[in-house]
Amino acid sequence: MPLPHSSDDDDAGDADGTELETTSEPVETGRRLIAVGHVRLGRWFLVFALVMGLWGGLDAVLLRTTLVTPTLDHWSADVYSSLFTTHGLTMLFLFAVPAIWGYAYATVPALIRAERTAFPALAATAFWLQIPAAILVRAGTIGSALDVAGLDPVAIGWTLYPPMSVASSNPAVDALVAGLLLVAISTSLTAANLVVTVCHRRTIPWSDVDTFTWTVVTSAAMAVVAFPVLAGSLALLLLERAAGVGLLVGRSGPMVWLNLFWFFAHPLVYILVLPPMGIASHVLPRFAGRRLFGRRSVVYSTFAIGILSFTVWGHHLFMAGMGVSVRAVFMFVTLAVAVPSSAKLCTWLGTLWGGAIQHTAPMIATIAAIAFFIVGGVTGVFLAVAPINVLYNGTYYVVAHFHMMLVGFVAFTLVAGAYYWFPLLTGRWYDPTLAHLHVWLTIVGIIVTFGALFVVGFAELPRRIATYPPAFAPIHQLATVGAYVIAVGQLVFLLNLGRSLWVGEHAGDDPWNLADEPSHAREW
């Protein structure tokens with residue numbers, strides 16, 4: 001697999017390595033935008049994800065700043081609601097999903113010994129759809145910043161529940177829904193391309209496919225099923241707003257949306273979690289000096305999670321008048337997902353046991369992510385139990401659990417992947433001192449922020465509200481300090497990234513010296 005500065009990414013070639021035809025300049029420029037190598041396309045996805053992650057992270061910092069005081073001393077309640085609306089949508093759809101596809105495009109073709117993806121032009125087209133999608137999703141924020149009359153920040157929540165999403169007269173809501181529709185189309189195309197690539201362009205037997213690729217192809221197959229459901233739901237919402245067809249309003253309308261949305265959104269959680277699980281399974285052996293323990297169980301548990309994830313959406317409806325018997329079914333199915341997840345945890349711990357562990361930045365980040373996975377997983381098991389769910393569903397306990405999984409595990413595993421594959425993506429080395437500082441600042445920030453939110457969650461403090469009783473102010477302030485620490489950590493990452501791209505040492509073909517190790521991987 002050539003490094004990024006090799007012919008795979010040569011500006012003069014398309015995805016097959018052949019030369020572009022020299023015709024008119026606009027035609028050639030257009031072809032250059034869609035005829036790119038998979039490593040370069042992976043970098044595009046990752047840069048886009050980084051930009052959107054910083055924007056969504058800024059929303060989070062502003063949210064925590066609002067909650068420093070128990071009263072609305074900084075912004076109005078509508079501004080607070082708009083911040084957590086855009087924060088949620090940006091981080092899920094414009095940061096986490098593109099970042100996962102970025103790693104997949106950059107590494108999977110090499111891991112399966114494929115020269116390129118199945119449909120390179122389709123892959124690039126799917127990427128470019130994300131640019132207008134991001135602009136539309138953030139149209140309210142952009143309109144407010146540019147003082148566009150009538151275009152206000154969207155303050156209806158990231159789940160877009162009716163009747164608020166239907167009744168709002170803000171045109172930015174229509175733009176947001178249209179942007180998410182583009183995201184759904186883009187993601188479906190990307191996922192289909194990855195599935196076909198792995199199934200039809202690999203030149204190695206299925207038995208030799210690595211665990212990261214297994215998680216990517218499973219997650220992509222899930223996305224092919226789930227994201228068209230989101231697209232249909234969004235189209236229905238647009239139709240409801242434009243023509244008032246009555247399907248999402250009235251007595252049963254909100255239940256229609258709840259079932260449609262969560263049938264998509266809960267598999268989305270596992271679409272986001274599975275590839276990071278693959279990254280953890282990929283990185284741990286490299287720096288533990290041994291092969292992955294229980295490889296087959298990792299693959300089978302990946303399939304099990306992918307299948308079960310489409311059966312558990314009902315636990316999001318425990319508060320919506322669900323019958324006792326139906327509650328029991330969804331409760332037990334949701335608890336069942338913990339079994340294959342626990343199998344992965346046993347695999348990771350078994351790989352670490354007795355290994356010659358190297359304390360590199362990607363290894364420390366991976367171990368920390370596994371620790372956060374344990375906390376997030378255990379607290380999630382409690383939420384699967386209907387009586388406990390009813391008690392804590394509307395509290396900060398859910399916020400803490402959800403973020404422990406998506407920030408503590410998913411985002412932090414993506415950080416591990418960034419450091420592990422940094423030489424592959426850039427051809428250069430990063431500063432290890434700055435990398436360790438970034439990792440440890442982020443670890444401390446996550447523990448402080450979401451540990452504090454667990455405390456107020458156990459006290460049953462309601463979430464999604466901009467004010468709270470003054471007695472909770474010290475804990476909220478502690479959570480805000482933790483959020484600032486996380487933010488400082490990401491600034492260190494940006495400093496390291498810029499410095500490394502500018503003056504970093506060039507990495508060789510085997511930057512981690514794994515060629516003679518049992519855990520050597522094909523991407524190098």
Student: CH2 of Trp440: more than 12 outside heavy atoms within 6.0 angstrom?
Tutor: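 No, CH2 of Trp440 has 12 or fewer neighbouring heavy atoms, counting only those of other groups under 6.0 Å.
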
Student: So which atom in Val209 and which in Arg202 form the shortest heavy-atom distance, rounded to 0.1 Å?
Tutor: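 Looking at all heavy atoms of both residues, the shortest contact is CG2-CD, 4.4 Å.
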
Student: If the plane angle is over 60° it's perpendicular, under 30° parallel, otherwise tilted; pick one for Phe493 and His438.
Tutor: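 Rings of Phe493 and His438: tilted, 30 to 60°.
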
Student: Any sub-3.5 Å donor-acceptor pair from His38's side-chain atoms to Tyr105's backbone N or O?
Tutor: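 Indeed, once roles are kept as given, a pair shorter than 3.5 Å links the two residues.
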
Student: Does the Thr311 side chain pair with the main chain of Leu308, one donor and one acceptor, at a distance under 3.5 Å?
Tutor: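 Here the side-chain-to-backbone pair exists.
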
Student: Run the ring-centre check on Trp348 versus Phe373 and record whether the distance is less than 6.0 Å.
Tutor: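 That pair passes the under 6.0 Å test.
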
Student: Looking at Val229 and Ser233, what are the two nearest heavy atoms and their distance?
Tutor: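 For Val229 versus Ser233, the nearest heavy atoms are O-OG, 2.8 Å.
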
Student: According to the interplanar angle, ranging from 0 to 90°, do the rings of Phe303 and Tyr300 count as parallel (below 30°), tilted (30 to 60°) or perpendicular (above 60°)?
Tutor: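 Geometry flag for Tyr300 against Phe303: tilted rings.
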
Student: Tell me, yes or no, whether the heavy-atom count around Phe318 atom CZ, taken from other residues, nucleotides or ligands under 6.0 Å, exceeds 12.
Tutor: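 More than 12 heavy atoms, drawn from other residues, nucleotides or ligands, come within 6.0 Å of this atom.
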
Student: Testing the 3.5 Å rule here: is there a donor-acceptor pair between the side chains of Glu523 and Trp421?
Tutor: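 A donor-acceptor contact under 3.5 Å links the two side chains.
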
Student: Identify which one of Phe95, Trp128, Phe127 satisfies the ring pair (Phe, Tyr, Trp, His ring centres under 6.0 Å) criterion when paired with Phe45.
Tutor: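 So the option named by the test is Phe127.
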
Student: For His266 and His315, run ring-ring contact (aromatic ring centres under 6.0 Å, His included): C-alpha distance rounded to whole Å, both residues' side-chain angles, the deciding distance at 0.1 Å, then the answer.
Tutor: CA-CA 10 Å; His266 202 82; His315 73 257; 4.6 Å; yes

Student: Looking only at the side chains, is there a donor atom on one of Gln130 and Thr187 sitting less than 3.5 Å from an acceptor on the other?
Tutor: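 Their side chains do not contain a donor-acceptor pair, so the 3.5 Å distance test is not met.
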
Student: Return yes if some donor-acceptor pair links the side-chain N/O of Asn193 with the main-chain N/O of Leu189 below 3.5 Å, else return no.
Tutor: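 Checked: no pair found.
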
Student: So, Arg113 and Asp208, do they make that salt bridge, N to O below 4.0 Å?
Tutor: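 No.
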
Student: Using atom types as modelled and distance alone, determine if a side-chain donor or acceptor of Trp44 lies under 3.5 Å from a backbone N or O of Ala124.
Tutor: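 It does not hold such a pair.
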
Student: Indicate the ring-plane relationship of Trp512 and Tyr420, choosing parallel, tilted or perpendicular according to the 30° and 60° boundaries.
Tutor: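 The rings of Trp512 and Tyr420 lie parallel, inter-plane angle below 30°.
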
